[in-house]
Amino acid sequence: MGRTGHAGFNEPGSAPNSGTRLVTLDDLTRRDAARDFGGKEYMPTKAITMGMGTIFKAHEIILMAWSGKKAPIIKKAVEGEVSSEVPATYLQLADNVEFIVDEAAAAELTRFDKPWLVKDCVWDERLIKKAVIWLSNTLGKSILKLTEEDYNGNGMAQLVTEQGPAYAINIHVFNKLQHTITGWLGGKPGADDSQRPERALPARKRVIIFSPHPDDVISMGGTFIRLIDQGHDVHGAYQTSGNTAV
């Protein structure tokens with residue numbers, strides 16, 4: 001299966017009853033296969049393929065895909081609407097079909113990406129954090145305002161039952177996120193940094209502020225002054241030729 005959603009070389013637009021035939025390859029298909037031919041200029045523009053109608057006559061159909069580059073199209077092929085835009089979706093209608101994919105290619109399938117929507121889960125720290133952030137984004141509500149009804153109505157009743165109440169889960173995840181934000185740009189002598197990503201020691205650090213344009217560093221003037229007042233070794237790196245603004 002290719003990134004265009006082709007099965008065999010049945011590119012987008014192929015009919016479900018198509019037979020074995022000569023086809024013109026999609027440009028993306030040619031680019032993906034170019035390496036095997038020593039470059040795109042040597043890659044054929046046409047190919048002979050079994051049609052979708054021919055494939056459906058098989059007693060068993062196996063479709064294979066691997067690598068993270070295929071993950072978006074695998075999701076469409078398995079979970080999307082049947083459409084000629086993604087010919088592989090026709091295989092959803094087959095009586096005996098098996099998709100064989102690696103973990104990277106399967107990563108965007110709901111059962112792996114959002115397993116709480118389709119099955120009971122083993123709720124470890126990583127999955128709890130991911131699910132709560134997803135729920136917050138989906139509902140457009142801050143994490144601390146999520147309710148038990150929000151959890152129950154979005155496939156996360158098991159989480160509330162096992163780890164709840166909802167308020168306790170909200171606080172836990174909120175604190176996890178809060179602790180990824182440093183309370184100080186440099187070190188802070190004598191401070192408890194056990195809940196902060198930035199260490200308190202050494203208290204004084206070497207700081208580089210990158211700027212794609214001089215105005216960006218100018219707007220950081222207050223931060224510059226604060227860091228210098230704290231005793232840090234501060235440098236600005238202008239990512240510009242300097243022929244106009246400096």
Side-chain angles (χ1 to χ4, degrees), residues 1-115 117-119 126-127 130-131 133-134 137-138 208 210-213 216 237-244:
M1 178 177 170
R3 286 198 290 161
T4 62
H6 68 68
F9 278 127
N10 290 280
E11 297 284 12
S14 297
N17 62 347
S18 57
T20 298
R21 65 202 190 282
L22 182 69
V23 297
T24 299
L25 299 175
D26 187 277
D27 186 67
L28 178 58
T29 300
R30 294 183 64 230
R31 280 189 277 128
D32 283 350
R35 180 179 177 184
D36 296 329
F37 286 81
K40 186 179 177 183
E41 63 271 25
Y42 303 111
M43 175 70 192
T45 59
K46 295 182 181 294
I48 295 175
T49 183
M50 295 175 67
M52 294 306 302
T54 313
I55 292 172
F56 265 80
K57 294 178 182 178
H59 294 296
E60 181 181 6
I61 302 169
I62 297 175
L63 185 144
M64 298 179 291
W66 33 82
S67 88
K69 294 191 300 183
K70 300 286 182 70
I73 200 66
I74 283 291
K75 179 176 177 63
K76 289 183 179 180
V78 176
E79 300 179 350
E81 295 184 6
V82 176
S83 166
S84 63
E85 294 181 7
V86 183
T89 58
Y90 293 142
L91 298 180
Q92 296 178 22
L93 307 175
D95 294 328
N96 188 8
V97 61
E98 182 177 6
F99 282 67
I100 298 178
V101 298
D102 62 9
E103 289 186 10
E108 293 189 20
L109 292 174
T110 300
R111 71 199 75 176
F112 298 109
D113 185 39
K114 305 176 186 69
L117 295 178
V118 295
K119 63 181 181 180
R126 182 196 64 82
L127 192 61
K130 180 178 181 178
I133 292 173
W134 169 84
N137 286 330
T138 299
I208 302 177
F210 290 97
S211 170
H213 190 276
D216 299 326
Y238 294 110
Q239 298 169 279
T240 176
S241 65
N243 66 328
T244 55

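Remember, predicted model here, so these are calculated numbers, not experimental data.
Legend: residues meeting salt bridge (Lys or Arg N to Asp or Glu O under 4.0 Å) with Lys76, ordered by chain and number and at least two apart, are absent. In this structure, Lys69 has no salt bridge (Lys or Arg N to Asp or Glu O under 4.0 Å) partners at least two apart in sequence or on a different chain.
How far CG of Asp26 is from CZ of Arg31: 8.0 Å, rounded to the nearest 0.5 Å. Here Leu91 contributes atom CG and Ile55 contributes atom CD1; the two are 7.0 Å apart, rounded to the nearest 0.5 Å. Note that OG1 of Thr45 and CG of Asp27 are 11.0 Å apart. Values are rounded to the nearest 0.5 Å.
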Exercise for the section: In sequence, state the C-alpha distance, the side-chain angles, and the governing distance for Val86 and Glu81, and then conclude on side-chain contact (heavy atoms from CB on, under 4.5 Å). Expected result: CA-CA 9 Å; Val86 183; Glu81 295 184 6; over 6 Å; no
Practice task
I would like to know whether Met43 and Leu25 meet side-chain contact (heavy atoms from CB on, under 4.5 Å); could you show each step before the answer?
Solution key: CA-CA 10 Å; Met43 175 70 192; Leu25 299 175; 3.7 Å; yes
Practice task
Begin from the C-alpha positions of Ser14 and Arg21 and carry the test side chain to side chain donor-acceptor pair (under 3.5 Å) through to its verdict.
Solution key: CA-CA 11 Å; Ser14 297; Arg21 65 202 190 282; 3.1 Å; yes
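Lys70 places a side-chain N or O within 3.5 Å of a backbone atom of Met1 that can act as its donor or acceptor partner. Checked by atom type and distance alone, the side chain of Thr89 pairs as donor or acceptor with a backbone atom of Ser83 at under 3.5 Å. Looking at Lys130, its side chain never comes within 3.5 Å of a backbone N or O of Lys114 through a donor-acceptor pair. Side chain of Asn10 to backbone of Ala88: no donor-acceptor contact under 3.5 angstrom is found.
Within 6.0 Å of the CD atom in Gln92, the count of heavy atoms belonging to other residues, nucleotides or ligands exceeds 12. The environment of Ile48 atom CD1 is sparse: at most 12 non-hydrogen atoms of other residues, nucleotides or ligands sit within 6.0 angstrom.
Between Phe37 and Pro44 the shortest side-chain heavy-atom distance falls below 4.5 Å.
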Can you list, pair by pair, the side-chain donor-acceptor contacts under 3.5 Å of residues 93-111, counting residues two or more places apart and other chains?
unit_1: Asn96; atom_1: ND2; unit_2: His59; atom_2: O; d: 3.2
unit_1: Asp102; atom_1: OD1; unit_2: Ser67; atom_2: N; d: 3.3
unit_1: Asp102; atom_1: OD1; unit_2: Ala104; atom_2: N; d: 3.4
unit_1: Asp102; atom_1: OD1; unit_2: Ala105; atom_2: N; d: 2.8
unit_1: Asp102; atom_1: OD2; unit_2: Ser67; atom_2: N; d: 3.1
unit_1: Thr110; atom_1: OG1; unit_2: Glu79; atom_2: OE1; d: 3.0
unit_1: Thr110; atom_1: OG1; unit_2: Glu79; atom_2: OE2; d: 3.2

